[in-house]
Amino acid sequence: MSQRYDHDAVEAKWQKKWEEARCFEASEDHSKPKFYGLIEFPYPSGQGLHVGHPLSNTAIDIICRKRRMEGYNVLFPMGYDAFGLPTENYAIKTGIHPAKVTEQNIARFRSQLKRLGFSFDWSREVNTTDPGYYKWTQWIFLKLFEHGLAYKAEIPINFCTSCKVGLANEEVVDGHCERCGGEVVQKVRSQWMLRITAYAQRLIDDLDAVDFIERVKTQQRNWIGRSEGAEVDFALAGTEDKLRVFTTRCDTLFGATYMVMSPEHPYIEKYRDRIENWAEVQAYREAAARKSDFERSELTKEKTGVPLKGLNAVNPATGREIPVWISDYVLMTYGTGAIMAVPAHDTRDYAFAKAFNLPIIEVVAGGDVEKEAFTDCETGRMVNSGFLNGLEVEQAKEKMIAWLEEQGIGARKVNYKLRDWVFSRQRYWGEPIPLVHCEKCGWVPLPESELPLVLPEIDDYTPSDDGSSALSRAKEWIHTTCPKCGGPAERETDTMPNWAGSSWYFLRYCDPHNDKEFASREALDYWMPVDWYNGGMEHTTLHVLYSRFWHKFLYDIGLVPTPEPYQKRTSHGMILGENGEKMSKSRGNVINPDDIVAEMGADSFRLYEMFMGAFDQPKPWSTTSARGCRRFLDRVWRLQDMLSAESGVRDDLKASLHGMIKKVSEDYEAMKYNTAIAAMMSFVNDVYAKGDITKEEFHALLTLLNPVAPHITEELNELLGYETPLYASTWPKWDEAALVASTVELGVQVNGKVRARVTVPAGLSKEETETQVLAAPEVQPWIEGKTVRKVIAVKNIVNIVVA
RNA sequence: GCCGGAAUGAUGGAAUUGGCAGACGUGACGGACUCAAAAUCCGUUGGUAGCGAUACCGUGUGGGUUCAAGUCCCACUUCCGGCACCA
């Protein structure tokens, strides 16, 4: 009898062996085909790993282990995205330097990850807070600056009142800070911005060339929010000025009965003297300024606004004067900050017109504008619209654009919802922005020789009361000389957001110890692009979009070989608590991976996470189900007591074995890990029913199971007497011929209902099958005395239609 | 409101993409082993009726297409994600 399966001993043994053999380190032999598998490097929080990390990691670990067995040179690296607020907040509280906290947290993460047996290439570990790494983050920033893609702007930013830090739009969730949940308000600050909008169209277009799961593509497209339309100039009566608007419905121009400007529109100040109700206007603007973007958009109900008395616009289509209003439903940050209002065909304009009794003119027939706005573009026909009358909406748009261009008062225009990326953080624990401000020369980049610009040692990490970072108090560090003129200059005290280091880390993995370049061109040519990248959906509009943008920029300036960083992007579903709710400390339903590993071992844990359900769907945790996975590994372990005296693959197991090889091979590739594992369970059940297994059959099973449960399978492989460890073995191939059984059981339907089963020899033609089935005794009771109208034989089904 | 995803036994989930619904696991029940328990092994387990073979019903709801629908079409309901006054 074999010994009991002792997961601790087995797993420790093999983890040590792998480390000593360095068998998962990527080779620099560039003649072999490569595979670059990637998972999002974790933020090393104080809490350690949660159950979601191993889900993503195991999924790609399986693919990487399989690829190695298929002969690929595999790069599967790991690192830490370690700049960020929780560490800094902890430092503020305790006074311990964030670098020190980071180091401790990384040590914990590393040991947890090693305990789970992932086949990472640990020799390539990166850490975004290491000056040797962030030197290159700063370097790339300088390249962006050099090419005009980094600029400083006075803009209203999202400001978290609790973190005292500016946030990108992507980091604001329901008017609250994504990280701490604090209230977010608008604050005007001078901020570094990255011109991601310059890449908006390419970020959409190039999605066609990559293999991302569809929901990632759609979500990115929606976030970028392309919309096609036209810009149109409306003359302001009695002035030389034009009020420019953006519209997607220029076909409805004849129906524009008033205009609305955002309360921040510069024309309001400009025409202050003409505005007769200035006090009222000013009061409205002040009230709007006090509201955050969130408040302004949250209360979708009541429309508010004030007319600008004394200022009228002229509808260029009708020549009529129409009033100009201001309202906070028009955003200064989109389009031109002003709109033409067509209440008959826009629901917001309709609500506004109803609230303030403004005229509603129908210009697209087909709805009932007495009741509601008619916004359908498919069925309507133009009316009350001069030269557009009778046209369909799409035709009318084209004709209107042509007319506008001819008149010189408008043009085709594409707008995007995507905004430029607010890149400054008023925080200590981030990459310093390597620029200095000189009175004479303005913003001057540091020369490359001065990189990395290292964070200075300070005692107090708290942001300053004026909202600037703790760095603003490091006077010695701040005061420097201008690299250009040698005069006195000051360093930038804002740091980069934590998305900076993660925007290019996959490049560093290709050549992580290079101190001359961020990565050698040779390494990049060989390894890039990432072949398969798995990560969370929450990063779709943040990290994935940002890193695509950086990568495209680096491609444009000739530093990387591919226009896209990731060839394939997949995403896992969230693991919920046992009660089906999201895991959280406050709900008290958090599962700690350490506990599970201690109880049943890393292999069982990995196996369970892969077996739980569809990889991309959310699914609840169940510790009892996890124990079922442990039970399966116990059954596999005991197969060593069931070794047959025979050898080779026996005929009666051949179909079952090859079926399993095929199923597992294909299902791994499709991330259908749950059904792959079910197939192996079925095979083991077959073996138990049969009573014994040969060494060769067992070895095939172990090879297939190895990517999911690497430790136990290596141990059994060794116990079986195989000298080559599984990690150095070859992935098995299935034999299609072996899959064909000698007989097939057909389900026989009569009028669509299964009535009988008939076993016939395999490989019969359709006609022969039909003849045999109609003659089969099991079928007779159902067709006797009836007319057989039709017989359909498909796959394993024969349907007989009788009357 | 818009864009995605989902709804299948007590339960997590399968179903070769139109072809025998419920694979595999959990739980439950029964049996074997044991002085006993645990562990293990072997069964049973969608519902209703029947001793039974069997019959009828059954994939959120209502219609439809088809020899055949969990799968396709139309109209809904509920839940989960994302976006949201984007002109």
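Here is the naming used below: chain letters follow the sequence lines, and residue numbers restart at 1 for every chain. Predicted model only: the values in this text are computed from it and were never measured.
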key: Charged tip of A:R244 within 45° of A:F234 ring normal and under 6.0 Å   =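 So A:R244 doesn't make the cation-pi contact.
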request  = Please say whether the positively charged group of A:K303, taken as NZ for Lys or CZ for Arg, lies over the ring of A:Y329, i.e. under 6.0 angstrom from the six-membered ring centre and within 45 degrees of the axis.
outcome  = yes
Taking N or O atoms only and anything under 3.5 Å, show me the protein contacts with nucleotides 39-41 of chain B, one pair per line.
{"from": "B:U40", "atom 1": "O3'", "to": "A:R638", "atom 2": "NH2", "distance (Å)": "3.0"}
{"from": "B:C41", "atom 1": "OP1", "to": "A:R635", "atom 2": "NH1", "distance (Å)": "2.7"}
{"from": "B:C41", "atom 1": "OP1", "to": "A:R638", "atom 2": "NH2", "distance (Å)": "3.1"}

Classify the nucleic acid contact of [X] as base, sugar-phosphate or nothing, counting any heavy atom under 4.0 Å across all strands shown.
{"X": "A:Q617", "result": "sugar-phosphate"}
{"X": "A:N674", "result": "sugar-phosphate"}
{"X": "A:S682", "result": "sugar-phosphate"}
{"X": "A:A614", "result": "sugar-phosphate"}
{"X": "A:G335", "result": "nothing"}

Any idea which of [options] is nearest the [X] side chain?
{"X": "A:K753", "options": "B:C57, B:C83, B:C3", "result": "B:C57"}
{"X": "A:F246", "options": "B:A87, B:G13, B:A23", "result": "B:A87"}
{"X": "A:T675", "options": "B:G13, B:C83, B:A15", "result": "B:A15"}
{"X": "A:N685", "options": "B:C24, B:A55, B:A87", "result": "B:C24"}
{"X": "A:T218", "options": "B:C3, B:G25, B:A14", "result": "B:C3"}

A:T675 side-chain N/O to A:A678 backbone N/O, donor-acceptor pair under 3.5 Å =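 A pair under 3.5 Å: no.
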Count the heavy atoms belonging to other residues, nucleotides or ligands that lie under 6.0 Å from [atom1] of [X], then report whether that count exceeds 12.
{"X": "A:M537", "atom1": "CE", "result": "yes"}
{"X": "A:R412", "atom1": "CZ", "result": "no"}
{"X": "A:R789", "atom1": "CZ", "result": "no"}

ask   = Taking for each residue the nucleotide of RNA chain B bearing the nearest heavy atom, is the 5' side occupied by A:C629 or by A:P618?
value =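 Here A:P618 is the residue nearer the 5' end.
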note = When A:K672 and A:R215 are each assigned the nearest nucleotide of RNA chain B, the 5'-most assignment goes to A:R215
To the nearest 0.5 Å, what is the distance between [atom1] ([X]) and [atom2] ([Y])?
{"X": "A:H265", "Y": "A:I326", "atom1": "NE2", "atom2": "CD1", "value": "11.5 Å"}
{"X": "A:D420", "Y": "A:T333", "atom1": "CG", "atom2": "OG1", "value": "12.0 Å"}
{"X": "A:E609", "Y": "A:H572", "atom1": "CD", "atom2": "NE2", "value": "9.5 Å"}
{"X": "A:S584", "Y": "A:H50", "atom1": "OG", "atom2": "NE2", "value": "12.5 Å"}

Neighbours of RNA chain B within residues 572-582 of chain A, by heavy-atom distance under 4.0 Å =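 Those residues whose heavy atoms fall under 4.0 Å from RNA chain B, taken from residues 572-582 of chain A, amount to none.
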message = Can you pull out the residues from residues 249-261 of chain A that lie within a 4.0 Å heavy-atom distance of RNA chain B?
response = none
task = Check step by step if salt bridge (Lys or Arg N to Asp or Glu O under 4.0 Å) holds for A:R631 and A:D634.
result = CA-CA 5 Å; A:R631 208 137 48 209; A:D634 279 325; over 6 Å; no
Any side-chain heavy atom of [X] sitting closer than 4.5 Å to one from [Y]?
{"X": "A:T257", "Y": "A:I360", "result": "no"}
{"X": "A:D233", "Y": "A:P316", "result": "no"}
{"X": "A:F632", "Y": "A:F611", "result": "no"}

Take the protein atom [atom1] of [X] and the nucleotide atom [atom2] of [N], then report the distance between them rounded to whole Å.
{"X": "A:R755", "N": "B:C67", "atom1": "CZ", "atom2": "P", "answer": "19 Å"}
{"X": "A:K663", "N": "B:C24", "atom1": "NZ", "atom2": "P", "answer": "12 Å"}
{"X": "A:Y350", "N": "B:G1", "atom1": "OH", "atom2": "P", "answer": "18 Å"}
{"X": "A:D616", "N": "B:A6", "atom1": "CG", "atom2": "P", "answer": "8 Å"}
{"X": "A:F611", "N": "B:A23", "atom1": "CZ", "atom2": "P", "answer": "12 Å"}
{"X": "A:I677", "N": "B:C24", "atom1": "CD1", "atom2": "C1'", "answer": "10 Å"}
{"X": "A:D346", "N": "B:C85", "atom1": "CG", "atom2": "P", "answer": "13 Å"}
{"X": "A:Q220", "N": "B:C83", "atom1": "CD", "atom2": "C1'", "answer": "14 Å"}

ask   = Is the base of B:G9 syn or anti, where syn means the angle lies within 90° of 0?
value = syn
ask   = Base of B:U17 relative to its sugar, syn (within 90° of 0) or anti?
value = syn
[M] and [N], which share atom name [atom1], separated by this distance in whole Å:
{"N": "B:G52", "M": "B:U16", "atom1": "C1'", "result": "36 Å"}
{"N": "B:A69", "M": "B:C20", "atom1": "P", "result": "11 Å"}
{"N": "B:G46", "M": "B:G25", "atom1": "P", "result": "15 Å"}

ask   = Considering only heavy atoms and no angle criterion, is a donor-acceptor pair shorter than 3.5 Å present between the side chain of A:K303 and the base of B:C85?
value =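 In this structure, the two groups form a donor-acceptor pair.
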Anything under 3.5 Å between a donor and an acceptor, one on a side chain of residues 247-255 of chain A, the other on a protein residue two or more places apart or in another chain? List them.
{"from": "A:T247", "atom 1": "OG1", "to": "A:R249", "atom 2": "N", "distance (Å)": "2.8"}
{"from": "A:R249", "atom 1": "NE", "to": "A:D251", "atom 2": "OD1", "distance (Å)": "3.1"}
{"from": "A:R249", "atom 1": "NE", "to": "A:D251", "atom 2": "OD2", "distance (Å)": "3.3"}
{"from": "A:R249", "atom 1": "NH2", "to": "A:D251", "atom 2": "OD2", "distance (Å)": "3.0"}
{"from": "A:T252", "atom 1": "OG1", "to": "A:R249", "atom 2": "O", "distance (Å)": "2.7"}

key: Residue pair A:I339, A:M259: steps toward the side-chain contact (heavy atoms from CB on, under 4.5 Å) verdict   = CA-CA 6 Å; A:I339 61 154; A:M259 320 233 4; over 6 Å; no
Short heteroatom pairs, N/O only, protein and nucleotides 18-22 of chain B, under 3.5 Å:
{"from": "B:C20", "atom 1": "O2", "to": "A:R757", "atom 2": "NH1", "distance (Å)": "2.2"}
{"from": "B:C20", "atom 1": "O2", "to": "A:R757", "atom 2": "NH2", "distance (Å)": "3.1"}
{"from": "B:C20", "atom 1": "N3", "to": "A:R757", "atom 2": "NH1", "distance (Å)": "3.0"}
{"from": "B:C20", "atom 1": "N4", "to": "A:E745", "atom 2": "O", "distance (Å)": "3.2"}

request  = Determine, step by step, whether A:E736 and A:K662 satisfy the side-chain contact (heavy atoms from CB on, under 4.5 Å) criterion, reporting the C-alpha distance in whole Å, the side-chain angles of both residues, the deciding distance to 0.1 Å, and the verdict.
outcome  = CA-CA 9 Å; A:E736 284 289 343; A:K662 180 179 157 93; 3.3 Å; yes
query = For B:A68, does either OP1 or OP2 sit under 4.0 Å from a side-chain N or O belonging to A:N751?
reply = no
query = Quick one: is A:S227 getting a side-chain N or O under 4.0 Å of the B:A87 phosphate, OP1 or OP2?
reply = yes
Worked check of side-chain contact (heavy atoms from CB on, under 4.5 Å) between A:L705 and A:L607 = CA-CA 9 Å; A:L705 184 58; A:L607 183 73; 4.2 Å; yes
task = Starting at the 5' end of RNA chain B, write a dot or bracket for each base, bracketing those in Watson-Crick or G-U wobble pairs whose two distances are under 3.5 Å and using | for partners on another strand.
result = (((((((..(((......[....)))((((((.......))))))((((....))))..(((((..]....))))))))))))....
